[in-house]
Structures are given as C-alpha cells and as structure tokens.
Amino acid sequence: MRKVAIVAGIIAAIALTSYAIFFRTAGTSAEPTEVDYSTVLLTKPYTNDTFHFSLSIPGNFVTRQLEADESGATTVLLESADQADGVQVVVTPFDEDISSLTVERIQQDVPDLVITDPQPVQIGENNTGLAFKSNNDAFDGESREVWFVFRGNLYQISTYERLDPLLKKIFSTWKFF
C-alpha cells in the first residue's frame with residue numbers, strides 16, 4: 001500500500017510540475033514554432049552527478065534540476081530556451097529490487113494509467129524498461145514516456161508525443177557512470 005501511495009504521489013507531482021513548468025506561457029496568443037527534432041543535432045552535453053548519468057541535448061536547450069519533493073522525487077528538466085519544448089526526467093527512490101519494468105508492474109501501482117504501444121527498452125546489460133504512449137494530462141493528454149528502474153531509483157522520462165523523435169535521440173545518448 002505504501003508503494004501505491006508513493007507512486008500516486010509521484011504521478012500527481014509530475015502532473016503539477018509539468019503544468020507549472022511547461023504551461024507557464026499558456027494564455028498567450030503566439031503559437032510555438034514547430035521544430036523538426038529528427039534533424040536537430042544534440043551538441044550540448046549534460047551530466048547529472050547526483051544520479052550518475054550523462055546525455056546530450058540540442059544546443060538551444062537548458063537544464064534545471066528541481067529540489068526533491070516530500071516523496072524523494074527529483075525532477076530534471078531539459079527544455080528549449082523558450083520553454084516551448086522539453087523532456088522531463090523524474091527520479092524517485094524505489095525500494096523494490098526488479099530488473100524488468102512491465103506494463104503489469106506499472107499498472108499494479110498506477111491502475112488508471114493508460115499505456116499504449118508498449119515497447120521494451122534495454123537499460124545497460126541487465127535491466128529492461130518500458131517505452132510507451134500515455135494519457136498524461138500534463139502533456140495535453142498525449143505523452144511519450146520511458147520508465148525504468150536502475151540502481152534503486154525509478155526513472156520516469158516524459159514528453160509530448162509530438163517530441164518522440166527528440167526523446168529517442170536524447171535517450172540514445174544516455175549513459176550511466
């Protein structure tokens with residue numbers, strides 16, 4: 001039951017954080033310019049010394065790490081300078097020793113989460129995560145997600161479904177150290 005409460009809290013925190021960060025420009029009449037991220041080069045390195053991973057992002061992106069919330073979840077934001085596009089990484093302590101995260105395991109804790117087009121994702125040599133589309137309200141109800149467990153943490157990487165090419169490119173550069 002404790003895990004369910006933690007995961008439910010994490011989902012709520014993700015939604016609120018995403019809303020506050022990605023929608024702070026809501027209400028303006030200007031539409032964001034669509035960028036074709038399938039052709040954008042990832043020229044800027046990002047290293048996270050707290051969780052011991054590195055990746056590459058587009059040159060016009062900035063990064064921010066928010067302080068951990070009461071559940072221990074830390075949010076890392078990788079976003080364009082105008083904050084119109086971005087990828088959110090939420091890292092939460094996870095006390096269950098599992099090497100494979102499945103649809104069934106996620107829905108055990110978050111039964112209302114709609115998961116479509118699930119695909120396994122290899123993390124290192126021994127871990128498997130899950131890439132999927134979802135109904136995350138924080139991303140206008142259409143999100144692309146990658147979740148996995150590694151070194152005692154649950155990683156939830158989320159973005160708008162339209163940014164799937166960007167997420168794939170960034171995730172292909174992800175390395176733990």
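All heavy atoms count here, side chains included; hydrogens, waters and symmetry mates do not. In this chain, residues are counted from 1 in sequence order. Quick caveat: nothing in here was measured; it's all calculated off a predicted structure.
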Can you list the residues that meet the side-chain contact (heavy atoms from CB on, under 4.5 Å) rule with V103, with sequence neighbours excluded?
Q107, I115, P118, L130
Quick check: does any side chain N or O of D69 sit under 3.5 Å from a backbone N or O of A73, one acting as donor and the other as acceptor?
yes
Shared hydrophobic cluster for V76 and V62 (ILVMFWY, side-chain gaps under 4.5 Å)
no
Does N153 reach the main-chain N or O of F94 with its side chain, forming a donor-acceptor pair under 3.5 Å?
no
Might you point out which heavy atoms bring L66 and T74 nearest each other, and give the distance in Å?
O-CG2, 3.4 Å
Side chain to side chain contact (heavy atoms under 4.5 Å, CB included) for V91 and L154? Distances and angles first, verdict last.
CA-CA 6 Å; V91 185; L154 171 65; over 6 Å; no
Should the pair F148 and F150 be assigned to parallel (<30°), tilted (30 to 60°) or perpendicular (>60°) ring geometry?
perpendicular
R64/E79 salt bridge by N-O under 4.0 Å criterion:
yes
What's the spacing between I57 CD1 and T43 OG1 if we round to 0.5 Å?
8.5 Å
Return yes if some donor-acceptor pair links the side-chain N/O of Q65 with the main-chain N/O of L77 below 3.5 Å, else return no.
no
The reported gap from OG in S158 to CD in E145 (rounded to nearest 0.5 angstrom) is 3.5 Å
Which ring-ring contact (aromatic ring centres under 6.0 Å, His included) pairs, counting each pair once, include a residue from residues 117-138, with sequence neighbours left out?
F132-W147
Below 4.5 Å, heavy atoms only, C-beta onward: do L101 and I98 meet side chain to side chain?
yes
Could you report the tightest heavy-atom contact between R162 and A84, atom names first, then the distance?
NH2-O, 3.5 Å
Tell me the closest heavy-atom pair linking S56 and I170, and the distance in Å.
O-CG1, 3.5 Å
Would you please test Q156 and Q88 for side chain to side chain contact (heavy atoms under 4.5 Å, CB included) and show each step?
CA-CA 8 Å; Q156 296 168 288; Q88 173 180 280; over 6 Å; no
Check salt bridge (Lys or Arg N to Asp or Glu O under 4.0 Å) between K133 and all other residues, then give those that pass, not counting sequence neighbours.
E161
OG1/T63 to NZ/K44 distance, rounded to the nearest 0.5 angstrom?
6.5 Å
Ignoring hydrogens and geometry, is there a side-chain-to-backbone donor-acceptor pair from S134 to S143 under 3.5 Å?
no
Among residues at least two apart in sequence or on other chains, which ones pass side-chain contact (heavy atoms from CB on, under 4.5 Å) with Q119?
D117, R144
Name all residues meeting the side-chain contact (heavy atoms from CB on, under 4.5 Å) criterion together with S38; count only those two or more places apart in sequence or in a different chain, and write none if there are none.
D36, P165
Please answer whether the main-chain N or O of L163 pairs with a side-chain N or O of T159 as donor and acceptor at a distance below 3.5 Å.
no
If I compare all heavy atoms of P93 with all of S71, which pair ends up nearest, and what's the gap?
CD-O, 4.2 Å
Begin from the C-alpha positions of L166 and L42 and carry the test side chain to side chain contact (heavy atoms under 4.5 Å, CB included) through to its verdict.
CA-CA 9 Å; L166 174 63; L42 304 181; 4.3 Å; yes
Nearest non-hydrogen partners of K169 and Y37, listed with the distance
CD-O, 3.3 Å
Y160 versus D85, side-chain donor and acceptor atoms under 3.5 Å:
no
When you compare the side chain of T128 with that of Q122, does any pair of heavy atoms fall below 4.5 Å?
yes
For N135 and E142: C-alpha separation, side-chain torsions, deciding distance, then whether side chain to side chain donor-acceptor pair (under 3.5 Å) applies.
CA-CA 5 Å; N135 63 337; E142 297 178 3; over 6 Å; no
Using the test ring-ring contact (aromatic ring centres under 6.0 Å, His included), find all partners of F61 that sit at least two apart in sequence or belong to another chain.
none
How close do N48 and F177 get, heavy atom to heavy atom, and via which atoms?
O-CZ, 3.7 Å
On the 0 to 90° scale, with breaks at 30° and 60°, tag the F176-Y155 ring pair as parallel, tilted or perpendicular.
perpendicular
Spacing of T39 atom OG1 and L41 atom CG [to the nearest 0.5 Å]
8.0 Å
